Amino acid sequence: MCGIIGYTGTRDVTPVLLDGLRRLEYRGYDSAGVAVFDAGAGLLRVARREGKIAGLEHLLQGEPLRGSVGIGHTRWATHGRPSDDNAHPHRAGHVAVVHNGIIENYQALRAELKAKGSAFASETDSEVIAHLIEAEIRASGCDLLAAVQGILPRLHGTWAMAAISDKHPGEIVVARHHAPLLIGLGGPGIGEKSPAPENFVASDAAALLAYTRQVVDLEDGDVARVRADSVEIFDALGEAVRRPRRRIEWSPMAAERQGFKHFMLKEIHEQPRAIADTLLGCGLGDDDVAFDGLDLGDAAARGRIVILGCGTSWHAALTGKYLIEGLARIRVEVDLASEFRYRDPIISGDDTVIAISQSGETADTLAALKEAKARGARTLAICNVVGSTITRVADQVLYTRAGPEISVASTKAFTTQLTVLSLLAVHLGRRRGTIDLEAARALLDGLRDLPRQVDNLLAQGAAIRTIARRYLQARDCLYLGRGLGFPVALEGALKLKEISYVHAEGYASGEMKHGPIALIDEQVPVIVVALAGPGYHKVVSNLEEVRARGGRIIAVATMGDQAIGDVADDVLLVPAVAEELSPIIASVPLQLLAYHFADLKGTDVDQPRNLAKSVTVE
């Protein structure tokens with residue numbers, strides 16, 4: 001959600017911080033700010049502004065901050081409305097702090113600090129951290145590192161934080177607990193010939209791509225002191241530790257729009273490449289999937305599979321249930337990760353729990369995964385980000401190869417999740433003997449052909465935009481699907497509501513008569529997944545019921561379907577594929593429909609209001 005960037009070195013720090021903040025915009029935010037130590041004046045100075053980073057840049061043009069050490073932040077409000085005062089960094093005396101997460105006991109700490117004379121300038125929970133650090137230094141005379149280590153036991157909740165002080169120039173002290181934070185190791189910047197002494201901190205590697213590819217992920221409980229020429233890391237017990245470094249493989253160009261109007265449109269068009277890369281990375285063979293290093297044992301003999309996810313990943317999980325039960329005949333349950341650990345779930349050592357997350361930092365999914373692991377389950381993560389927290393917690397990992405996804409609304413991450421789940425279902429089916437050689441080969445050949453078919457579908461963009469224009473006045477939409485079309489309908493509705501702010505709900509089409517049909521009239525478009533397959537005629541019957549009540553219908557149908565035009569007002573045609581692969585192919589036109597709908601309405605497609613890319617708080 002919120003974003004952190006920090007720098008210590010020899011460069012002018014403000015441009016570095018602003019560049020990092022711009023690269024973190026996709027995560028979602030409502031205000032931004034920076035704190036810089038001005039070595040010439042010997043002062044710590046703070047600038048912050050509600051709204052977009054452009055507003056902060058305008059402020060800094062009039063009141064420039066100059067120095068070579070600083071921290072920056074983009075905030076997504078949890079405590080206190082968006083405002084200049086509630087924006088980070090927060091300052092107390094000679095200490096400035098940025099913080100991602102939630103301090104659950106902040107009210108008690110705030111009351112205690114106020115009773116001792118601290119004056120608060122914001123409504124946030126985060127400001128207590130700055131006051132606690134400042135009070136610790138004042139009381140004991142310790143340095144910044146010891147002060148941060150000293151106050152952490154008093155905090156309850158989650159945090160990734162960075163602190164600087166004009167009493168300890170040249171260093172940034174950072175700490176992590178259940179929220180992502182990493183250190184970027186200095187070296188040649190892009191286009192530079194020789195390194196300068198410098199190091200970085202960030203909540204997301206995307207903020208650092210222009211400067212370094214070498215990063216160190218902090219573990220929960222870690223505290224680190226970062227200077228231009230050194231990095232010291234200490235664990236929760238205060239012992240010095242070494243954490244492994246990793247190289248960021250994707251390029252800075254991958255995080256640019258490259259001529260597309262929005263990141264979302266670019267990422268929709270990247271799906272052929274993303275699916276192909278995911279297939280390649282999973283070890284796709286002629287009649288099986290290698291999945292290098294994967295060992296689930298006999299999943300059926302051990303019990304059931306439980307798949308966890310939130311939002312789009314939950315829709316992928318629901319699709320996975322259909323696929324694994326259908327192909328491998330293993331009992332699968334799907335749970336909303338945000339609900340899982342709050343209902344005392346029945347999990348045993350015989351269960352396999354799969355957690356799906358695009359970012360690998362989703363707080364609800366991470367907490368649910370830890371709960372499952374604590375109860376003895378074997379755990380597997382399906383994730384897009386190498387080295388993310390969920391991938392380090394899970395026993396095993398299957399990576400998607402979507403590449404960086406900048407738009408808040410997930411597209412290529414979703415279809416690559418579906419790709420991995422399809423491969424996993426075939427893999428388990430072959431292990432159990434529930435899918436024969438011929439059927440496996442047909443499905444795997446179909447997967448190999450998907451990048452080409454998706455690429456052809458993308459050519460329909462102009463026609464889909466024309467259809468979207470016809471329905472711009474709609475304020476409510478229903479999405480219907482049966483069988484594997486049901487999770488596609490849920491995902492299509494989510495995409496529309498996320499980026500266009502039009503109310504949309506997805507339903508299993510058989511449920512329409514059990515309530516939603518009351519909503520249907522000529523003002524409520526109905527978007528239906530009506531692909532050829534076992535449930536096709538049932539879906540068409542549902543559409544006749546919609547037409548009888550004056551509803552307008554957009555159908556996603558299979559090429560060659562001559563009958564669907566008799567019941568639908570508009571048709572989005574997709575190529576015929578195996579039923580198991582239909583969710584991937586059917587999702588693409590619904591992504592384009594939502595995109596063009598939102599673009600024509602003039603909403604902020606990539607950064608829709610109130611949403612964040614990586615949901616790192618519960």
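Keep in mind that this is a model prediction, so the values were computed, not measured. Note that these values count all heavy atoms, side chains included, but never hydrogens, waters or copies made by symmetry.
Shown here for Ala372 and Ile347, the closest heavy-atom pair between the two residues is O-CG2, 4.1 Å. Residues Val420 and Cys282 share a closest heavy-atom pair of CG2-SG, 4.1 Å. Taking every heavy atom of both residues into account, Thr212 and Leu185 meet most closely at OG1-O, 2.6 Å. Closest of all the heavy-atom pairs between Met161 and Leu181 is O-CD2, 3.8 Å. Between Phe37 and Asp166, the shortest heavy-atom distance links the atoms CE1-CB, 3.6 Å. Taking every heavy atom of both residues into account, Cys142 and Ile137 meet most closely at O-CG2, 3.6 Å.
Residue Arg392 qualifies as enclosed at atom CZ: its count of foreign heavy atoms under 6.0 Å is above 12. Annotation for Arg66: atom CZ does not count as buried by contact number, only 12 or fewer foreign heavy atoms lying within 6.0 Å. Within 6.0 Å of CZ in Arg242 there are 12 or fewer heavy atoms belonging to other residues, nucleotides or ligands.
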Identify all side-chain donor-acceptor contacts of residues 143-155 below 3.5 Å with residues at least two apart in sequence or on another chain.
unit_1 : atom_1 : unit_2 : atom_2 : d
Asp143 : OD1    : Leu145 : N      : 3.4
Asp143 : OD1    : Ala146 : N      : 2.8
Asp143 : OD2    : Arg225 : NH1    : 3.3
Arg154 : NH1    : Glu112 : OE2    : 3.1
Arg154 : NH2    : Glu112 : OE1    : 2.5
Arg154 : NH2    : Glu112 : OE2    : 3.0

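Checked by atom type and distance alone, the side chain of Asn105 pairs as donor or acceptor with a backbone atom of His156 at under 3.5 Å. The backbone N or O of Ile53 lies less than 3.5 Å from no partner atom in the side chain of Arg22, so there is not a single donor-acceptor pair. Between the side chain of Thr74 and the main chain of Gly3, a donor-acceptor pair closer than 3.5 Å is present. Although no hydrogens or angles enter the test, the distance criterion places a donor-acceptor pair under 3.5 Å between the side chain of Thr14 and the main chain of Leu65. At least one donor-acceptor pair closer than 3.5 Å links the side chain of Asp606 to the backbone N or O of Phe263. The closest donor-acceptor contact from the side chain of Asn86 to the backbone of Ser122 lies at 3.5 Å or more, if one exists at all. With Asp30 contributing its side chain and Pro82 its backbone, the two residues share no donor-acceptor pair below 3.5 Å. The main-chain N or O of Glu219 is found under 3.5 Å from a side-chain atom of Asp222 such that the two form a donor-acceptor pair. Using modelled atom types, one side-chain atom of Thr391 and one backbone atom of Ser388 make a donor-acceptor pair closer than 3.5 Å. Checked by atom type and distance alone, the side chain of Glu405 pairs as donor or acceptor with a backbone atom of Thr411 at under 3.5 Å.
Between the CD1 atom in Ile390 and the CD atom in Glu361 there is a gap of 7.0 Å [rounded to 0.5 Å]. Considering CD of Glu198 and OH of Tyr211, their distance stands at 9.0 Å, rounded to 0.5 Å. From Lys266, atom NZ reaches atom NZ of Lys412 across 5.5 Å, with rounding to the nearest 0.5 Å. Rounding to the nearest 0.5 Å gives a distance of 9.0 Å between CD1 of Ile354 and CG of Leu308. Between the CD atom in Gln417 and the OG1 atom in Thr278 there is a gap of 10.0 Å [rounded to 0.5 Å]. Atom OH in Tyr106 sits 8.5 Å away from atom CD in Glu123 (nearest 0.5 Å).
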Given the rule in the side-chain contact (heavy atoms from CB on, under 4.5 Å) test, do His90 and Arg48 qualify, once you have shown the distances and angles that lead to the verdict?
CA-CA 9 Å; His90 291 292; Arg48 50 193 184 167; 3.4 Å; yes
Test side-chain hydrogen bond (donor to acceptor under 3.5 Å, both in side chains) on Ser410 and Thr312; report intermediate values, then the result.
CA-CA 7 Å; Ser410 183; Thr312 287; 5.1 Å; no
Hey, mind stepping through His73 and Cys2 against side-chain contact (heavy atoms from CB on, under 4.5 Å) and telling me if it holds?
CA-CA 7 Å; His73 192 266; Cys2 308; 3.6 Å; yes
Test side-chain contact (heavy atoms from CB on, under 4.5 Å) on Leu423 and Phe291 and set out the steps.
CA-CA 9 Å; Leu423 293 167; Phe291 282 133; 3.7 Å; yes
Decide side-chain contact (heavy atoms from CB on, under 4.5 Å) for Arg246 and Leu182; before the verdict, give the C-alpha distance in whole Å, the side-chain angles of both, and the deciding distance to 0.1 Å.
CA-CA 11 Å; Arg246 64 181 172 93; Leu182 52 83; 4.1 Å; yes
Step by step, would you call Arg176 with Asp217 a salt bridge (Lys or Arg N to Asp or Glu O under 4.0 Å)?
CA-CA 10 Å; Arg176 172 195 167 138; Asp217 298 289; over 6 Å; no
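With contacts defined as side-chain heavy-atom distances shorter than 4.5 Å, the pair Leu18/Leu60 qualifies. Using a 4.5 Å heavy-atom threshold, the side chains of His79 and Ile102 count as touching. Looking at heavy atoms from C-beta onward, Ile356 lies out of side-chain contact with Thr365 at the 4.5 angstrom threshold. Lys52 places a side-chain heavy atom less than 4.5 Å from the side chain of Asp604. Residues Arg245 and Val216 are in side-chain contact: their nearest non-hydrogen atoms beyond the backbone lie under 4.5 Å apart. Side-chain contact between Arg91 and Glu134 is absent, with no heavy-atom pair separated by less than 4.5 Å. Within the 4.5 Å cutoff, side-chain heavy atoms of Thr10 are placed close to those of Pro197. Val174 is not listed as a side-chain neighbour of Ile4, based on a closest heavy-atom distance of 4.5 Å or more.
Using a 30° and 60° split on the angle between ring planes, Phe200 and Tyr7 fall in the tilted class, from 30° to 60°.
Between Ser126 and Thr124, the side chains place no donor N or O within less than 3.5 Å of an acceptor N or O (distance only, hydrogens not considered).
Aromatic ring centroids of His99 and Trp159 lie 6.0 Å or more apart. Outside the 6.0 Å centre-distance limit, the rings of His315 and Phe414 are not counted as a close aromatic pair.
A salt bridge links Lys373 with Asp395: the closest approach of a Lys/Arg side-chain nitrogen to an acidic carboxylate oxygen falls below 4.0 angstrom.
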